[in-house]
Every structure is written in C-alpha cells, then in structure tokens.
Amino acid sequence: MQTLNVSLGDRSYPIRIGCGLLGRNELLGPVVRARKAAIVTNETVAPLYLERLVATLNQSGVAAYSIVLPDGEAFKTWETLNVIFDRLLLEHCDRRTPVIALGGGVVGDMAGFAAATYQRGVPFVQVPTTLLAQVDSSVGGKTAINHPLGKNMIGAFYQPRLVLADTDTLSTLPDQELRAGLAEVIKYGLIRDPGFFAWIEDNAELLLGRSPEALAYAIHRSCRNKAEVVAADETEQGERALLNLGHTFGHAIEAGMGFGAWLHGEAVAAGTVIAAELSCRLGWIGPADLGRIRLLMERVGLPVVAPDLGVERYLALMAHDKKVEDGRLRLILLRGIGQGVISDQAPVAAIGDAILASCR
Ligand code: NAD
Ligand code: GLY
C-alpha cells in the first residue's frame, strides 16, 4: 500500500492506494468511528463490491446501510440526491453518521454533496472504484450534481476524511471506462508534469493491458499531482483551475450531447485536443507538441475529434461554465507539454476556429 497526504491543516487526510484495501478494517474503522455508516453506491457496483465493504465495516463493529442509486451521469440530479436524503432520514442517521461513497465519480460527487449538506455536514469517506475516480474525482473535495443547463452547476467543496483506492476493483472496469480515466491521467502530465507525460507515452500499452504495476504508478503519480494542487489552492482561486484542462470544451460536449451520451473522460479528451489546437493557433505550442498530444490520446483509444454541435452552440454552452468571469471565457491552455496556463486572452474568433478545426 502507498499513502499520500492531502495537506489541509486540521482537515488533512490520507489517500491510500493498493490492492486488497476494501478488506482492511484497520484502515476504515478508525476513520468511521461510529456505530453505523451509510454506503452510497450504484446498481452496477453494489453486486461487485458492496458485500465486501459491509463485511469489513462489520468487523469494526459498524452497521452499514446501503443506498443503491441508478447508474449513470444522467442520474446525477436533484431527484437522485433526494433519494439519498430520504434514506438518511428514514434510517435516523445523525451528524456523526459517516457517508461512504463506493463507486465512480458520479457516485462520489453525489454522495459527497449529500455528506456536505445533510444536517449541515457529516463525515465523508471516498472508496473510488473507477480509474477516473482513483486518479481525480475522489481527491480534492469537489462535489456536485448536474443541472440541465450545465454540468456540476450545483455543489460544494467538501473534503473526505479518507480516500481508499483499492486497485483490485479496476479488474472489473470495462475497457472504455479505463480509457476514459486515462484522459485525466494524461491531463496531469500536460498541465504540470512533463516527465509523467513522457512516462505515459512509454507505458501506454502496459496501462491499457492493466499491468498492476503501471496502473499503481499512474494512480500514485496522478494523486500526488492532484494533492499538491489542492493543498496549494483548495477552492480554485488560482492554480487549481489548471485541473480543468479540456473541461470547458468537454462540459459543453457532455451537456450538448445530453449527459451520459459521451463519457466524461472522453469529452475531456476531445476537449483537451481543442485546447491544444487553440494553443497551437495562438503560437503557444508548436505543431509537434499538438501532434504528440493527439497521438497519445489516439493510442489510448480516446476521441480526438469533437462532435459537431456548431460553434455557436459550443460558445453558448461554454458561457454557462463556471470558468466564465466578467463575461470573459477563462480557458486552460498550454505553453508547452507540462506547462498549463490560465488565460482569458484567446479571442472568441480563435476559439471558434479551434472548435471548427476539431469537429467532425
Ligand atoms: P461513473 O461514476 O459513471 O463510472 C463509470 C461506470 O463504471 C459506471 O457505469 C459505473 O457504475 C461503473 N463502475 C464503477 N466502478 C466499477 C468497477 N470497479 N467495475 C465495473 N464497473 C464499475 O464515471 P467516472 O468516470 O468514474 O466519473 C465521472 C464523473 O466524475 C463525472 O460526473 C465527472 O463530472 C466527475 N468528476 C468529478 C471530479 C471531481 O473533482 N469531483 C473530477 C473528475 C470527474
Ligand atoms: N477535477 C478538477 C478539480 O478537482 O479541481
């Protein structure tokens, strides 16, 4: 097992990464510290891992209630959130009852928002089971649900007390979901860790082949990058925005196509290529770097061509994104591989041209 720390003063917490962690009550027990806990999961993950997690909690003398949600981004809504609240109330959960998220980013984001708001905040634990959740969404305390007008529009910053990333759970993850997770792994290389980008280029086949060593290394290095960024800028006043590379375009793809039509990681991959295209058009990166980015995304089976929603629709959807400040679109662009920058300098015409060049 490897452990990283997210340093946030008295809200600091460990990220534990390794195989077999779901069965280790000595990791969960001391954090849960209550007689009962609520596990939020979904109908796909529950048959795979719920029983194991419940048994581990029982070993620590903790009774576990499970709240099993429908599966999918399309259910990341107020209605589903209310299902969690209904159950917490029916089970008489109080302010000490921890909420444990068992699943991917959708479950983690919704369970986290429920934990942030139920009785003004209850202890929260993340047990991520997708690559994307293990490298990104379970760390850093962003929680949210979607609104029909925009992705993750309603939410809160609320840190977990523990992230328990059991890499064994990735064995049941569909290939398409594994690839979607790699989009966020590549992101860390692009925004701040050029050596990691080169490592991914060298190890792409091992990652796709699910080499346990390669996956564990990628998860650890991704989480190290994320923990550093979050510790420096928890509420995204500056540097944390770099983690949104490709996301403003990606969120437009997700909302424009209907939530769930494109996987989040796929939309981020296509969005990252648009951001790289725009960076190249602005003369900030050369065609060789643009080519490297496209090629790596293609090699790991991620889309490099965005859906043709029309430039006007993209711009309208992007205007709803949280990255708009004073009417100017704040984008994450690149000044090299490993050099992400936050910029509101890209002219709208150049943004439109980059979108057009990247669409089918
Ligand atoms: P997801 O949660 O929808 O999971 C993907 C699919 O894999 C689902 O069908 C799920 O049921 C299934 N699954 C989960 N674990 C499995 C396992 N071990 N074996 C088999 N199937 C399994 O998607 P995701 O990619 O994990 O997360 C995407 C979401 O995360 C988006 O809503 C995105 O907005 C959010 N996100 C949040 C942050 C953050 O900082 N909070 C960061 C990135 C993404
Ligand atoms: N996934 C973006 C962030 O956590 O800030």
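Every number for a ligand or one of its atoms is a count from 1 in the order of the listing.
Applying the 4.0 Å criterion to heavy atoms of Lys226 picks out, from ligand 2, the atoms 1 (N), 3 (C), 4 (O). The Lys226 neighbourhood of ligand 1 comprises atoms 40 (O), with distances under 4.0 Å to a heavy atom of that residue. Residue contact check: Asp136 has heavy atoms under 4.0 Å from atoms 42 (C), 43 (C) of ligand 1. Residue-ligand proximity, Asp71 to ligand 1, at heavy-atom distances under 4.0 Å covers atoms 8 (C), 9 (O), 10 (C), 11 (O). Under a 4.0 Å criterion applied to the non-hydrogen atoms of Asn42, ligand 1 contributes the atoms 10 (C), 11 (O). Of all atoms in ligand 1, listed by their number and element, those nearer than 4.0 Å to a heavy atom of Tyr49 are 18 (N). Each of the following atoms of ligand 1 lies closer than 4.0 Å to a heavy atom of Glu184: 43 (C).
With hydrogens and angles ignored, the 3.5 Å screen pairs no side-chain donor or acceptor of Tyr314 with any backbone N or O of Gly352. The main-chain N or O of Gly29 is never found under 3.5 Å from a side-chain atom of Asn25 such that the two would form a donor-acceptor pair.
For the ligand labelled ligand 2, residue Glu184 lies outside the 4.0 Å heavy-atom shell.
The shortest N or O to N or O distance between Asn244 and ligand 2 is not under 3.5 Å. The shortest N or O to N or O distance between His247 and ligand 2 is not below 3.5 Å.
Under the 3.5 Å distance criterion, with hydrogens and angles disregarded, a donor-acceptor pair is assigned to the side chains of Glu73 and Asn146. There is a side-chain donor-acceptor pair under 3.5 Å between Glu184 and His247.
With sequence neighbours excluded, the residues forming a salt bridge (Lys or Arg N to Asp or Glu O under 4.0 Å) with Arg11 are Glu234, listed by chain and number.
Within the 4.0 Å heavy-atom criterion, neither part of Val229 lies near ligand 2. At a heavy-atom distance under 4.0 Å, atoms from both the backbone and the side chain of Val106 approach ligand 1.
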